[in-house]
Amino acid sequence: MSSVVLAIDQGTTSSRTILFGRDGRPVSSAQQEFPQIYPSPGHVEHDPESIWSSQLATMREAMDRARITAGDIAAIGVTNQRETTILWDRRTGQPIANAIVWQSRITSPRCDQLKREGVEPVIRKKTGLVLDAYFSGTKIAHLLDTISGARAAAERGDILFGTVETFLLWRLSGGRLHITDASNASRTLLCNIHTLDWDDELLQIFHIPRAMLPEIRSCSEVYGETDPQLFGQAIPLAGAAGDQQAATFGQACFEPGNAKNTYGTGCFMLMNTGHDAVESQHGLVTTIAWKIGTEVTYALEGSIFIAGAAVQWLRDGLGLIESAPETEQLASTLTSNEGVYFVPAFVGLGAPYWDSDARGLLIGLTRGTTRAHLARAALESMAYQTRDVLTAMQADAGVPLSTLKVDGGATANNWLVQFQADLLGVPVQRPVVQETTALGAAYLAGLAVGYWNDLSDLQRNWVLDREFSASIPSNAADQLYAGWQAAVTRSRGWNTSCGS
Ligand code: ADP
């Protein structure tokens, strides 16, 4: 029996590979950053070749570190930065342009125009998404419209589209596989999440030829194998999911009502809603969590744009702290926030507000305000935004949350996680293995090849590091939260109020 499963975690700023054993613990890992390209303000690109070369290098490095060869790998699973859009030539395999990254606002004007044409309701109904430049649909159209000859070639099927997992699976299979998985497909604005197929009406709205689209497959099945030339021997390619969906799987959120929140640069909360695609009435998006066999699991998702990045700003923008962990000690020097709130709406507000004109705000300052207050307010802002999203989720899903599982870099901060439990009034659980994104991809691939038998095997691997329980009365939490809501109200629409 092979010894490990290899997870590819292709992120926004780095490519990583982690090898996992049967107990769900990492055996070895490797990580490589790659360049971010900013052609002009608000536009973000990646060179697909640097995505590929960094990913391949980390795969080889992780294998070397564990002293294993291809024959020791039971399967490969892929998870990826979502929505990022790549177009390449079917014959040569060469990208025809840089990838347009999920963060890029280059297609915002196109989205505004489509909104004026009144197509958003049908898009929302079929895709579960909001019409925003964040998703892939308008990014594909932009490339087809701006690169000479691209549209005609795409119509002939000579130019292919893929999000990052599709591109990697194409390259890994030596150009044999042009496939996506249901979770990644659900972020393109082109996939009908109820039929799990590309939708002709949506393709027409976005002006995308069907011939360039990958086949939509499940998240856990043997898709094919790696080109033997890459690692000396073929390895099964057997799992794929977008990063947030993979993290939800890695956190073993298998039952409806289970939710996880990842605290990184931003925060992404997903709640499993089972076989129902719950339509949000409260500013969330509906997405495919995963498809295993013929069974589709849906999720509600709330994306918060600025979370840990607020702490980064204290460090890099203001120079108030030397390192992010310092905020933990600073925050705990105060017994209350003393009325100081920080709304980090640097790029507007995401879920549940979707207010691109909101701007950052610090309020409640007095002569007594110190950097401890600002550090505390930055940490508190992550917890308040999480409560905003969670409140919306509970209202949409109609199920109360019993516990929240958390992961991501900022959850190393015990003060933050305790404050989160206080504010939500539910236990917050932090697992031992924080690499939940890669773990989710490994699980999906491992299930497909029988490395793990079923979900209960995975459930058993989930080991609690620490549970944080609420330590303040709920009315005290509500009072703190009311202050946040008042601060948010004052931050909204600022970009238009100040005429910039
Ligand atoms: P990403 O995957 O989005 O790059 P990570 O999961 O690596 O993010 O988390 C990094 C983010 O978490 C940074 O924005 C950083 O400011 C924040 N962060 C890291 N450690 C701490 C800490 N101890 N306390 C508060 N914030 C932290």
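The shown structure was predicted, so the numbers you read here are calculated from the model rather than taken from an experiment. As the structure lists them, so they are numbered: ligands from 1, and atoms in each ligand from 1. Numbering of residues begins at 1 and proceeds along the displayed sequence.
Ring to ring, Y443 and W452 are close: their centroids are under 6.0 angstrom apart. For F254 and F249, the distance between ring centers is under 6.0 angstrom. When ring centroids are compared, Y384 and Y341 come within the 6.0 Å threshold.
Of the polar atoms of G308, at least one N or O is found under 3.5 Å from an N or O of ligand 1, judged by distance alone. On a distance-only criterion, T13 and ligand 1 share no N/O pair closer than 3.5 Å.
Taking a cutoff of 4.0 Å between a charged side-chain nitrogen and a carboxylate oxygen, D132 and R105 qualify as a salt bridge. Checked for salt-bridge contact, R371 and E326 meet the test: a charged N lies under 4.0 Å from a carboxylate O.
Of the protein's heavy atoms, A324 CB, 3.6 Å lies nearest to atom 21 (C) of ligand 1. Distance from atom 6 (O) of ligand 1 to its nearest protein heavy atom, with residue and atom name: G409 N, 2.8 Å. Remark: minimum distance from atom 1 (P) of ligand 1 to any protein heavy atom is reached at T265 OG1, 3.6 Å. Looking only at heavy atoms of the protein, atom 13 (C) of ligand 1 is closest to Q312 NE2, 3.6 Å. The protein atom (non-hydrogen) at minimum distance from atom 11 (C) of ligand 1 is G264 C, 3.8 Å. Regarding atom 24 (N) of ligand 1, its nearest protein heavy-atom neighbour is N413 ND2, 3.0 Å. Looking from atom 23 (N) of ligand 1 to the surrounding protein, the closest heavy atom is P325 CA, 3.3 Å.
Remark: ligand 1 atoms within the under-4.0 Å shell around heavy atoms of G408 are 6 (O). Distances below 4.0 Å separate heavy atoms of T327 from the following atoms of ligand 1: 24 (N), 25 (C).
Closest heavy-atom contact between W290 and C253: CH2-O, 3.4 Å.
For the salt bridge (Lys or Arg N to Asp or Glu O under 4.0 Å) condition, the pairs that include at least one residue of residues 379-391, sequence neighbours left out, are R376-E380, R387-D478. Applying the salt bridge (Lys or Arg N to Asp or Glu O under 4.0 Å) definition to pairs two or more places apart or across chains, those involving residues 427-439 are R16-E435, R430-D465.
Within a 6.0 Å sphere centred on CD of E33, heavy atoms belonging to other residues, nucleotides or ligands number 12 at most.
Of all the listed residues (C267, A410, A412), A410 holds the heavy atom that lies closest to atom 26 (N) of ligand 1.
Ligand 1 is never approached by E328 to a heavy-atom distance shorter than 4.0 Å.
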